[in-house]
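All residue numbers refer to positions in the sequence shown, counting from 1. Counting starts at 1 for both ligands and their atoms, following the listed order. None of these values were measured; they are calculated from a predicted model.
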Amino acid sequence: MIVMKFGGTSVMDREAVRRVAHVVGREQRPRLVVVSALSKVTDALLEVARLAERGDGALARQAVRALHRRHEEMAALVRAPEGRASLLAAIDALFGELDTIVHALAVVEEVSPRSSDLIVAFGELASSRIVAAALEDAGLPSRWLDARTILVTDDRHGAAVPDREATDGRLRSAVRPLLADGLLPVVGGFVGATVSGFTTTLGRGGSDYSAALFGASLEAEEIQIWTDVDGMLTADPRVVSGPRVVERLSFDEASELAYFGAKVLHPSTILPAVALGIPVRILNSHRPEAAGTLITRAVSEGGEGPAAIACKRGVTRVDIASTRMLMAYGFLRQVFEVFERFRTPVDVVTTSEVSVSVTVDDTRALDAILGELQAFAEVGREDGMAIVCAVGERLRTDPRLSTRVLSALEGLPLAMVSQGGSRKNITVVLRDADAPLAMERLHRRFFEDAPAERAALASA
Ligand code: ADP
Ligand code: ASP
Ligand code: MG
């Protein structure tokens with residue numbers, strides 16, 4: 001069997017959903033379909049939560065009504081009267097429930113992370129209903145499943161951690177029998193629930209992660225991520241003009257690119273696939289005939305330079321200098337223990353004898369973290385930074401590439417430089433305002449001036 005995940009832009013409007021039905025319909029293998037919320041709906045639901053928290057009940061409920069209408073209009077895509085009536089009834093019930101919740105939260109002017117997850121989950125619950133009905137209408141025997149009965153997580157609302165074993169069990173009993181009967185299960189991504197039944201979400205972009213988890217549990221032959229670009233590109237198309245499709249990537253390369261900002265994949269997507277070696281394919285639902293990107297365990301042989309470059313913008317750099325003369329052992333442990341306690345991940349780390357610099361993306365707890373670090377270190381903070389990195393297996397085997405990366409950035413002030421333990425990436429931290437130029441220069445060097453680059457490497 002395979003897992004087919006369709007992102008928000010693949011279910012943006014009626015045309016897009018028709019394309020999904022076409023793509024799912026031409027596939028012969030048994031398949032589980034995972035669906036994101038309709039494009040922009042998660043943002044709108046987070047805004048609803050903010051309005052409710054401010055006590056702005058009228059505006060919050062107006063936004064819920066607008067979302068209700070948008071989903072109702074989508075229901076009109078189903079042609080069979082019976083199918084359309086039951087879809088409309090399901091949509092009405094969902095938005096009726098959401099309205100009640102939002103009204104109550106606006107009255108008390110309080111939206112806990114748990115309530116926020118409850119609100120946000122409606123996006124995937126509604127979109128997956130619509131896609132299931134559209135598939136049925138297209139003659140495919142689909143079955144809608146409530147993601148909250150399948151994906152079991154812990155209670156870290158907003159960034160819940162899946163319970164793999166419990167989820168395996170649910171998939172075995174709820175999904176395998178449907179597949180065996182030739183039915184087509186459809187489930188919302190991103191959403192799960194704790195064992196006690198509280199709704200949770202996996203973090204932004206988390207539908208990819210759901211798809212990969214389900215694929216690993218069901219020992220899928222392949223996990224397909226259908227999106228709005230032709231695959232993993234050599235750079236973020238919003239930053240660099242005319243990036244190319246990368247045909248093949250190793251799991252490690254794809255993970256690092258996702259981790260350092262290639263939004264096309266949620267950073268955790270690859271993890272469940274790695275253990276079982278399940279290939280992950282990135283495909284374009286707007287151009288299903290394009291070959292896409294294939295991500296596998298195999299390390300690609302070809303190519304002279306990095307596989308792709310990525311950037312993560314708007315990060316904060318924190319410099320932490322030991323107030324003791326030398327970096328006594330235990331200093332790093334002390335530092336990272338503080339970040340751990342506040343559940344704040346650090347992305348890039350560089351050290352010198354008495355100081356360590358890290359970058360942080362999630363700054364919600366940063367003031368408290370800096371306060372604690374000040375007990376044993378001098379700390380400095382600089383917002384408005386960006387991480388730019390070149391990723392590729394070649395970086396490990398060809399030592400000249402690091403120099404080539406750095407020389408392309410000549411003249412730009414670099415705040416940190418690191419070549420991670422895997423040595424499959426070279427990463428720099430610079431001012432966010434310099435990131436587009438840095439990306440453009442790297443892209444030109446490795447992907448546009450390829451013949452010149454080959455000549456430079458040959459003569460070096
Ligand atoms: P979906 O709704 O399908 O999950 P996303 O918006 O999460 O889609 O991811 C697709 C987007 O990721 C693309 O439209 C593109 O703008 C962005 N992106 C950033 N970096 C890359 C990259 N290296 N390759 C492809 N897309 C990228
Ligand atoms: N709808 C969620 C989001 O926008 C999850 C996803 O699309 O993957 O973040
Ligand atoms: Mg996404």
Side-chain angles (χ1 to χ4, degrees), residues 4-13 16 19-20 23 34-47 67 116-117 119-128 147 151 158-160 187-192 200-213 224-247 249 253-269 280-287 290 292-293 295 306-313 387-392 435-436 439 442-443 447:
M4 305 177 87
K5 175 262 170 178
F6 294 90
T9 51
S10 301
V11 289
M12 165 171 66
D13 52 25
R19 275 195 298 270
V20 168
V23 167
V34 179
V35 191
S36 291
L38 308 186
S39 172
K40 306 272 190 310
V41 165
T42 305
D43 291 331
L45 287 165
L46 284 167
E47 181 58 20
L67 286 170
S116 175
D117 270 355
I119 293 176
V120 168
F122 278 87
E124 268 71 8
L125 293 175
S127 66
S128 54
L151 180 53
V187 62
F190 177 59
V191 173
T200 55
T201 63
L202 298 181
R204 295 308 304 269
S207 293
D208 300 338
Y209 190 19
S210 301
L213 287 163
Q224 299 182 342
I225 306 292
W226 289 87
T227 182
D228 65 343
V229 283
D230 279 352
M232 178 70 81
L233 304 172
T234 46
D236 188 333
R238 296 162 302 178
V239 180
V240 166
S241 57
R244 297 199 312 244
V245 179
V246 184
E247 281 165 32
L249 283 172
E253 288 171 329
S255 290
E256 299 215 357
L257 287 167
Y259 183 70
F260 287 113
K263 189 191 168 213
V264 69
L265 272 190
H266 180 279
S268 304
T269 310
V280 176
R281 227 182 253 281
I282 307 177
L283 295 152
N284 189 347
S285 68
H286 305 252
R287 270 173 27 91
T293 298
I295 306 165
I309 58 175
C311 68
K312 189 163 172 178
R313 306 195 55 181
I387 301 169
V388 167
C389 87
V391 172
M439 289 289 285
L442 286 173
H443 198 264
F447 304 107

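The shortest N or O to N or O distance between T42 and ligand 2 is under 3.5 Å.
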Which atom pairs, nitrogen or oxygen on both sides, join ligand 1 and the protein at under 3.5 angstrom?
residue, atom, partner, partner atom, Å
ligand 1, 2 (O), G8, N, 3.0
ligand 1, 3 (O), T227, OG1, 2.7
ligand 1, 4 (O), K5, NZ, 3.2
ligand 1, 6 (O), K263, NZ, 2.8
ligand 1, 8 (O), T227, OG1, 3.3
ligand 1, 12 (O), V264, N, 3.4
ligand 1, 14 (O), D228, OD1, 2.8
ligand 1, 14 (O), D228, OD2, 3.3
ligand 1, 16 (O), R238, NE, 3.4
ligand 1, 23 (N), L233, O, 3.2
ligand 1, 24 (N), L233, N, 2.9

Inset, instruction - Would you please test V20 and W226 for side chain to side chain contact (heavy atoms under 4.5 Å, CB included) and show each step? - result: CA-CA 9 Å; V20 168; W226 289 87; over 6 Å; no
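For the side-chain contact (heavy atoms from CB on, under 4.5 Å) with F190, the qualifying choice from V35, T42, L151 is T42, the only one to do so. Screening I282, I225, V280 for a side-chain contact (heavy atoms from CB on, under 4.5 Å) involving D208 leaves a single residue, I225. Remark: of the listed residues I309, L233, D236, L233 is the sole one forming a side-chain contact (heavy atoms from CB on, under 4.5 Å) with P243.
Counting heavy atoms under 4.0 Å from ligand 2, residue S36 touches it through the side chain alone. No part of H266 comes within 4.0 Å of ligand 2, judged by heavy-atom distances.
With rounding to the nearest 0.5 angstrom, the OG atom of S210 is 9.0 Å from the NE2 atom of H266.
Closest heavy-atom approach to atom 9 (O) of ligand 2 among the candidates R204, E124, K40: R204.
Scanning for side chain to side chain donor-acceptor pair (under 3.5 Å) contacts around S127 gives an empty result, with sequence neighbours left out. Scored by the side chain to side chain donor-acceptor pair (under 3.5 Å) test, S128 finds W144 as partners (sequence neighbours excluded).
Residue contacts with ligand 2 include G205, since one or more of its heavy atoms lies under 4.0 Å from the ligand. Within the structure, the closest approach of G8 to ligand 2 does not fall below 4.0 Å when heavy atoms are considered.
Seen from the ring of Y259, K312 counts as a face-on cation partner, given the 6.0 Å and 45° thresholds.
Listed by first and then second residue, the salt bridge (charged side-chain N to carboxylate O under 4.0 Å, His left out) pairs involving residues 35-46 are D43-R204 (not counting sequence neighbours).
Summary of contacts: the protein heavy atom closest to atom 6 (C) of ligand 2 is S207 OG, 3.4 Å.
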